[in-house]
Trainee: 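Questions regarding the structure given below will be posed in turn.
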Amino acid sequence: MTDNTSALRRFADKVYGGINMSWIKVLIMAVASAIVTTVFLVVPIFANTSFINMGATMEAWFFLAIIIMVNCKKPLEAALKTFVFFLVSQPLIYLFQVPFYEGGWGIFMYYRFWILWTILTFPMAFVGWYLKKHNWLSLLILLPVIVFMAIFGTGFLQTAINSFPKYILSALFCYAQIIIYVYTFTDKLWLKLAGLGAAVVTIAVCLFVSSVDVNVNTPLPDEPSFSDSAVISLADSSYGEAEIVDAAGGYVHVHMTKYGATGLTVTDGDKVYEYKVEAKQSDGTNLIDITPKE
C-alpha cells in the first residue's frame, strides 16, 4: 500500500467513523446546513446552479446523514441523532425563507414532503449504521444509495450536456459519493467492483431509457397561416424532422432525436418564417420548445 493510499484510508476512516458525533455537533450541523441551504435558495447568484439543489433534491442530505450515522456508537443512537438532525434542519430551512417568500408563512406547505422523509430517516439510519461492518452487508445497504446517486447524477449530467455547465457540479457530487462510499465501506476487491458495477449498470440503463425520441404537434408561436405549398425544414436535419400538419392553422409536427437547438424554417412563396426549435429535458421529461428566431 502506497503512502497516498494509506493517507486516503486514514482520511476516510476519520470522516466515516473517527468523529465523536455528540448531540451538540448534531444540532450545530442541523442549524448550519439550514443556513447554508437558505442562502443557496434566496441569493440570486445561486439560481440555476448546482448549489440550489441542496434545497430541492436529496444528494447533499444523504451525504450529511451518512456522516452522522456512521460516527455513532450504536444503531439506536444513529437513528435518533439522524432523525433529530432532519427534524431540526428541514423546518429551519422554511422558517429562514419566510421573509424572502412572497407567500410568507405559506412556504411551510412544501414541508409536507419532508415530514415523511424525516420519519423514514429513523429506520434508515438504524440500518445504515451497519455500513461500519465493511463487508457484504455494507454493500447490500449501500446498493439503494448507489442506485439513487447514479440515477440523479445521470439526470444532472444530461442537463449539463444540454445546458453546460448547469448542474455539472451536482453530477460530479453524486458520482463522487458512489466512489467514496464503495471505497470506504467495503473491504474486499470483489465488493468494491460489485458496487461500482451496480453504478455503471444503473447509469447505462438511465442513458438508454432517457434517450431522445420526442414528438410534438403544436401551432407555431405567432400562429401564422400558410398556403398548401408551404415547405418546412430544420436547419440541421441530424436533429430530426418536421412537417406541416395544418397549413391554415399554422400547426406543425416536429420529431427530434437528440438534445440541442437548431433552426426551423417555413418557406411560403416569398414569405420566410424562422424559428428556434430545441429538444431539452425539464424535471426528467423530454420536451420540444419552439420560439421565434431572435
Side-chain angles (χ1 to χ4, degrees), residues 40-41 44-60 102 109-110 112-113 147-175 202-226 230-268 272-294:
F40 289 157
L41 289 171
I45 194 174
F46 295 112
N48 295 316
T49 70
S50 294
F51 297 99
I52 202 171
N53 286 328
M54 190 169 182
T57 51
M58 293 186 289
E59 62 278 359
E102 184 178 359
M109 66 180 177
Y110 299 108
R112 290 175 294 182
F113 170 80
V147 171
F148 174 90
M149 292 298 167
I151 291 173
F152 271 74
T154 304
F156 290 135
L157 179 61
Q158 289 176 316
T159 300
I161 292 172
N162 301 324
S163 305
F164 190 82
K166 185 177 181 181
Y167 295 165
I168 185 63
L169 292 180
S170 290
L172 294 175
F173 182 55
C174 288
Y175 292 150
T202 302
I203 292 169
V205 170
C206 288
L207 291 173
F208 176 78
V209 170
S210 62
S211 60
V212 183
D213 186 12
V214 58
N215 296 268
V216 65
N217 283 308
T218 181
L220 291 169
D222 47 2
E223 300 183 358
S225 179
F226 308 127
V231 177
I232 189 172
S233 63
L234 296 181
D236 185 345
S237 60
S238 69
Y239 280 91
E241 57 187 1
E243 63 177 327
I244 298 173
V245 295
D246 180 3
Y251 269 76
V252 300
H253 171 78
V254 179
H255 173 219
M256 298 188 73
T257 55
K258 69 178 183 179
Y259 291 117
T262 187
L264 183 150
T265 302
V266 178
T267 304
D268 188 10
V272 177
Y273 304 84
E274 294 185 298
Y275 306 91
K276 173 186 173 184
V277 58
E278 180 180 11
K280 59 185 180 181
Q281 189 178 69
S282 178
D283 297 327
T285 301
N286 291 329
L287 55 86
I288 292 176
D289 188 27
I290 302 176
T291 56
K293 185 176 180 180
E294 297 178 354

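Along the sequence shown, residues carry numbers from 1.
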Trainee: If the condition is salt bridge (Lys or Arg N to Asp or Glu O under 4.0 Å), which residues does Lys276 pass it with, not counting sequence neighbours?
Mentor: none

Trainee: Decide yes or no for Val254 and Met256: does some side-chain heavy atom of the first lie under 4.5 Å from some side-chain heavy atom of the second?
Mentor: yes

Trainee: Quick one: pull up NE2 in His255 and CG in Leu234 and give me the separation to the nearest 0.5 Å.
Mentor: 11.0 Å

Trainee: Not counting sequence neighbours, which residues clear ring pair (Phe, Tyr, Trp, His ring centres under 6.0 Å) with Phe46? List them please.
Mentor: Phe40, Phe51

Trainee: At what distance, to the nearest 0.5 angstrom, does OG of Ser170 lie from CD1 of Ile52?
Mentor: 10.5 Å

Trainee: Sequence neighbours left out, what passes ring pair (Phe, Tyr, Trp, His ring centres under 6.0 Å) with Phe173? Give chain and number order.
Mentor: Phe63

Trainee: Within a strict 4.5 Å, meaning less than it, do heavy atoms of the Leu220 and Ile290 side chains meet?
Mentor: yes

Trainee: Side chains of Thr154 and Tyr175: do they bring a donor and an acceptor to under 3.5 Å?
Mentor: yes

Trainee: Could you give the distance from OG1 (Thr202) to CG (Leu207), rounded to the nearest 0.5 Å?
Mentor: 11.0 Å

Trainee: Does some side-chain heavy atom of Val266 sit less than 4.5 Å from a side-chain heavy atom of Val231?
Mentor: no

Trainee: Hey, mind stepping through Asn53 and Tyr167 against side chain to side chain contact (heavy atoms under 4.5 Å, CB included) and telling me if it holds?
Mentor: CA-CA 9 Å; Asn53 286 328; Tyr167 295 165; 3.5 Å; yes

Trainee: If you draw a 6.0 Å radius around CZ in Phe148, do more than 12 non-hydrogen atoms from other residues or ligands fall strictly inside?
Mentor: yes

Trainee: Tell me, with the steps shown, if Thr57 and Phe152 meet side chain to side chain contact (heavy atoms under 4.5 Å, CB included).
Mentor: CA-CA 9 Å; Thr57 51; Phe152 271 74; 3.7 Å; yes

Trainee: Please report the closest heavy-atom contact between Met149 and Cys174, naming both atoms and the distance.
Mentor: O-CB, 3.5 Å

Trainee: So do Phe156 and Leu169 actually touch side chain to side chain, heavy atoms under 4.5 Å?
Mentor: no

Trainee: So which atom in Phe226 and which in Asp268 form the shortest heavy-atom distance, rounded to 0.1 Å?
Mentor: CA-OD2, 3.4 Å

Trainee: My understanding is that only residues two or more places apart in sequence, or in another chain, count here; which of them pass side chain to side chain donor-acceptor pair (under 3.5 Å) with Glu278?
Mentor: none

Trainee: Measuring from atom CG of Leu157 to atom CG of Leu172, what distance do you get when rounded to the nearest 0.5 angstrom?
Mentor: 8.0 Å

Trainee: For residues Ala150 and Ile203, report the shortest heavy-atom separation together with the two atoms involved.
Mentor: CB-CG1, 3.9 Å

Trainee: Thr49: what forms a side chain to side chain donor-acceptor pair (under 3.5 Å) with it, not counting sequence neighbours?
Mentor: none

Trainee: If you measure from OH on Tyr275 to CD1 on Ile232, what distance do you get to the nearest 0.5 Å?
Mentor: 8.5 Å

Trainee: Any pair with a residue in residues 240-249 that passes side-chain hydrogen bond (donor to acceptor under 3.5 Å, both in side chains), sequence neighbours left out, goes on the list, sorted by first then second residue, please.
Mentor: none

Trainee: Looking at Asn48, I want to see if its CG is surrounded by more than 12 non-hydrogen atoms of other residues, nucleotides or ligands under 6.0 Å.
Mentor: no

Trainee: Would you compute the distance between atom CG of Leu264 and atom OG1 of Thr262 and round it to the nearest 0.5 angstrom?
Mentor: 8.5 Å

Trainee: So, for Val245 and Asn217, which heavy atoms are closest and what is the spacing to 0.1 Å?
Mentor: CG1-OD1, 4.2 Å

